[in-house]
Amino acid sequence: MIAIMNDQKKRIHPHKFTLWVGIGSIVMMFAGLTSAYIVKRNLANWLSFDLSPVFYISTVVIIISSVTMLLAKQNFVKSEMQKYRIWLFITMILGIVFVVLQTVGFVNLWKEGITLTRNVAFSFLYIIVGLHALHIVAGVIALMVTYIRSLSVKRKNYSIVPVDLLSTYWHFVDLLWLYLLAFLMLIR
């Protein structure tokens with residue numbers, strides 16, 4: 001009986017496994033895009049660009065959101081549901097602020113003439129950062145759903161699995177942004 005219980009503790013939850021497969025796919029997609037960027041930047045008509053300062057401000061926001069997500073998860077584990085909801089809500093708001101700042105950054109780039117179709121370098125920028133923003137939007141939607149569910153008085157779910165999945169995904173997209181920003185700053 002003890003051996004069976006130990007085997008069950010070693011198994012990964014099916015949803016966690018699915019998340020990690022998804023994360024692996026996302027990593028491969030961005031690895032492919034950044035590799036293609038490196039190869040294509042040797043083209044004769046490649047144009048360099050500077051990122052809007054708004055992208056750096058959004059980086060601070062996403063880092064803070066990672067901290068608030070960590071605090072939300074810690075409070076969930078301690079069964080401090082009111083604090084959990086507050087930190088989850090703050091994380092959701094910071095995710096929305098990140099997306100808004102990214103949009104402002106793209107508007108600034110567009111005003112500077114860095115448009116999607118003007119140069120292949122700019123196309124890569126829009127595709128790479130845009131795809132990341134879509135992943136953030138998916139995370140914000142998951143945060144909203146989780147937050148709304150946490151408010152339900154009919155349904156009390158104290159399973160850590162959904163919170164753990166959301167936390168893992170959120171930290172992943174945060175780290176992914178840090179990688180992409182560093183990449184875009186260093187490889188122009």
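- Remark: the backbone N or O of Ile62 is not paired with any side-chain donor or acceptor of Ser66 at under 3.5 angstrom.
- Between Met69 and the options Asp174, Leu94, Leu143, Ile90, a side chain to side chain contact (heavy atoms under 4.5 Å, CB included) holds for only Leu143.
- Shortest non-hydrogen contact noted between Ala72 and Tyr84 is O-CD1, 3.1 Å.
- To the nearest 0.5 angstrom, Phe76 atom CZ is 6.5 Å from Ser159 atom OG.
- Met185 is not listed as a side-chain neighbour of Phe55, based on a closest heavy-atom distance of 4.5 Å or more.
- In the hydrophobic cluster analysis, where Ile, Leu, Val, Met, Phe, Trp and Tyr join through side-chain heavy atoms closer than 4.5 angstrom, Phe122 is grouped apart from Val107.
- Qualifying side chain to side chain donor-acceptor pair (under 3.5 Å) partners for Gln74, counting only residues two or more places apart in sequence or in other chains: none.
- Cluster annotation: Leu165 and Ile148 are assigned to distinct hydrophobic clusters (Ile/Leu/Val/Met/Phe/Trp/Tyr, side-chain heavy-atom contacts under 4.5 Å, transitive).
- In the hydrophobic clustering of this structure, Val163 groups with Ile12; members are Ile, Leu, Val, Met, Phe, Trp, Tyr whose side-chain heavy atoms approach within less than 4.5 Å, directly or through other members.
- Sequence neighbours left out, the pairs with a member in residues 13-24 that pass salt bridge (Lys or Arg N to Asp or Glu O under 4.0 Å) are Lys16-Asp164.
- The hydrophobic clustering, which links ILVMFWY residues whose side-chain heavy atoms are closer than 4.5 Å, places Leu70 and Phe89 apart.
- The same ILVMFWY cluster, assembled from side-chain heavy atoms under 4.5 Å apart, contains both Val21 and Val161.
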Fill in: Test side-chain contact (heavy atoms from CB on, under 4.5 Å) applied to Phe30 and Phe183, step by step
CA-CA 11 Å; Phe30 281 101; Phe183 176 82; over 6 Å; no
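- Summarising the geometry, atom CG belonging to Leu151 is positioned 10.0 Å from atom CE belonging to Met81; distances are rounded to the nearest 0.5 Å.
- In this view, Val97 and Val61, Ile93, Leu101 satisfy the side-chain contact (heavy atoms from CB on, under 4.5 Å) rule, not counting sequence neighbours.
- Here the side chains of Leu109 and Phe49 are not in contact, with every heavy-atom distance at 4.5 Å or above.
- When all heavy atoms of Trp170 and Ser65 are compared, the pair lying nearest together is NE1-OG, 2.9 Å.
- The line from CD1 of Ile86 to CD of Glu80 is 10.5 Å long, rounded to the nearest 0.5 Å.
- Put simply, the side chain of Arg85 never gets that close to the backbone of Tyr147: no donor and acceptor are under 3.5 Å apart.
- Counting only residues at least two apart or on different chains, the side-chain hydrogen bond (donor to acceptor under 3.5 Å, both in side chains) pairs with a member in residues 92-115 are Ser52-Asn108, Ser58-Gln102.
- For the side-chain contact (heavy atoms from CB on, under 4.5 Å) test, residues two or more places apart in sequence or in another chain that qualify with Thr59 are Ile63, Trp177, Leu178, Leu181.
- With a 4.5 Å cut-off on side-chain heavy atoms, Leu88 and Asn75 do not count as touching.
- Remark: Tyr179 pairs with Thr34 by the side chain to side chain donor-acceptor pair (under 3.5 Å) rule, at least two apart or across chains.
- Not counting sequence neighbours, Phe17 has no partner by the ring pair (Phe, Tyr, Trp, His ring centres under 6.0 Å) test.
- Taking Ile23 as the reference, Leu19, Trp20, Val27, Thr168, Phe172 meet the side-chain contact (heavy atoms from CB on, under 4.5 Å) condition, with sequence neighbours excluded.
- Judged by distance alone, with hydrogens and angles left aside, the side-chain atoms of Arg41 form no donor-acceptor pair with the main-chain N or O of Ala121 at under 3.5 Å.
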Tabulate below the donor-acceptor pairs under 3.5 Å that side-chain atoms of residues 126-140 make, not counting sequence neighbours, or state none.
unit_1 : atom_1 : unit_2 : atom_2 : d
Tyr126 : OH     : Ile114 : O      : 2.6
His132 : NE2    : Val173 : O      : 2.8
His135 : ND1    : Leu131 : O      : 2.7

Practice prompt. Walk me through it: do Met144 and Ile96 pass the test side-chain contact (heavy atoms from CB on, under 4.5 Å)?
Written response: CA-CA 10 Å; Met144 287 178 182; Ile96 293 167; 3.8 Å; yes
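- A side-chain hydrogen bond (donor to acceptor under 3.5 Å, both in side chains) check over residues 87-97, counting only residues at least two apart or in different chains, returns the pairs Thr68-Thr91.
- Side-chain contact between Thr18 and His13 is absent, with no heavy-atom pair separated by less than 4.5 Å.
- Under the side chain to side chain donor-acceptor pair (under 3.5 Å) criterion, His15 pairs with no residue at all, not counting sequence neighbours.
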